[in-house]
Amino acid sequence: MRKIREVIVVEGRYDKNALSQVVDATIITLGGFSVFNDREKLAFLRRLAQKQGLIVLTDSDGAGFVIRNYLKGALPRNLVKQAYIPDIYGKERRKRAPGKEGKLGVEGMRPEVLLEALRRAGATFLDEEEKTAGDPITKADLFALGLTGGMNAAQKRSALLEKLDLPEHLNANGLLEALNLLYDRESFLRFAEEL
């Protein structure tokens, strides 16, 4: 079991149960959409972000992204990391039918997928040294590669998201954030040349 410094925020108790079998970390549940009306929980999350940092890990469906985007606006961005699980279709064992979009949520992910999502987000594993960041990837880089602002940019982004095993609901800003977690600028530009 890997020990993580940051507090991990998930949608519900089943997500927390799945994650607590993989990592030793403080895991806070949001109670789904109820977080929208819970000022006390938001204040608590802000305090935790200041003290330890936060990692938001929601499902890759539309509802998960609504919650994630709400938290992006409500919490200090520089203290919050975003962890993304891939779009994997199926249903969780405890459910009779798949969710609305047919995708597995955090609770349905294999342990190695959850660990990789946290690693990609930049989680601080207390048994590893922190890596130094290189030059960041910029919006200008995405534009130059035809991933934003041009004809077929949405299709190119979609293909890139699929190739990187990232959720399809990720917008251009979310893609930029994820890319900067996965790559330094030089290695991403080399990777992009091969696309």
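- Using a 30° and 60° split on the angle between ring planes, F191 and Y183 fall in the parallel class, below 30°.
- Residues Y84 and R120 form no side-chain contact, since every pair of their non-hydrogen atoms from C-beta on lies 4.5 Å or further apart.
- The one candidate from L170, L104, V106, D87 that meets the side chain to side chain contact (heavy atoms under 4.5 Å, CB included) condition with S60 is D87.
- Screening V9, I27, L19, D15 against L57 for a side chain to side chain contact (heavy atoms under 4.5 Å, CB included) leaves a single residue, L19.
- Geometrically, R47 does not engage F44 in a cation-pi contact defined by less than 6.0 Å to the ring centre and at most 45° from the axis.
- At a threshold of 4.5 Å between non-hydrogen side-chain atoms, the residues T26 and L48 do not count as touching.
- Ionic pairing of K72 and E177 is present here: one or more N-O contacts between side-chain nitrogen and carboxylate oxygen are shorter than 4.0 angstrom.
- Considering CG of L115 and CE of M109, their distance stands at 13.5 Å, rounded to 0.5 Å.
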* Output, in order, the C-alpha distance, side-chain angles, deciding distance and verdict of side chain to side chain contact (heavy atoms under 4.5 Å, CB included) for V23 and L114. => CA-CA 9 Å; V23 295; L114 292 173; over 6 Å; no
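- A donor-acceptor pair under 3.5 Å is absent between the side-chain atoms of D184 and the main chain of D135, judged by distance alone.
- Side-chain contact between L160 and L147 is present, with heavy atoms from C-beta onward closer than 4.5 Å.
- Without hydrogens or angle criteria, Q82 side chain to A178 main chain gives no donor-acceptor distance under 3.5 Å.
- Looking only at distances, a side-chain donor or acceptor of D141 sits under 3.5 Å from a matching main-chain atom of T138.
- Here R110 pairs with E112 in a salt bridge; the nearest charged N to carboxylate O distance falls below 4.0 Å.
- To the nearest 0.5 angstrom, I8 atom CD1 is 5.0 Å from L118 atom CG.
- The side-chain heavy atoms of L189 and L145, taken from C-beta on, include a pair separated by under 4.5 Å.
- With rounding to the nearest 0.5 Å, the separation of NZ in K16 from CZ in R13 is 11.5 Å.
- Side-chain contact annotation: S158 with E168, donor-acceptor N/O pair under 3.5 Å absent.
- A donor-acceptor pair is defined here as one N or O able to donate and one able to accept, closer than 3.5 Å; such a pair exists between the side chain of Q52 and the backbone of R5.
- Panel note: side chain K91, backbone K95; a donor-acceptor pair is recorded below 3.5 Å.
- Inter-residue side-chain proximity for K139 and T148 is flagged as unmet; no heavy-atom pair is nearer than 4.5 Å.
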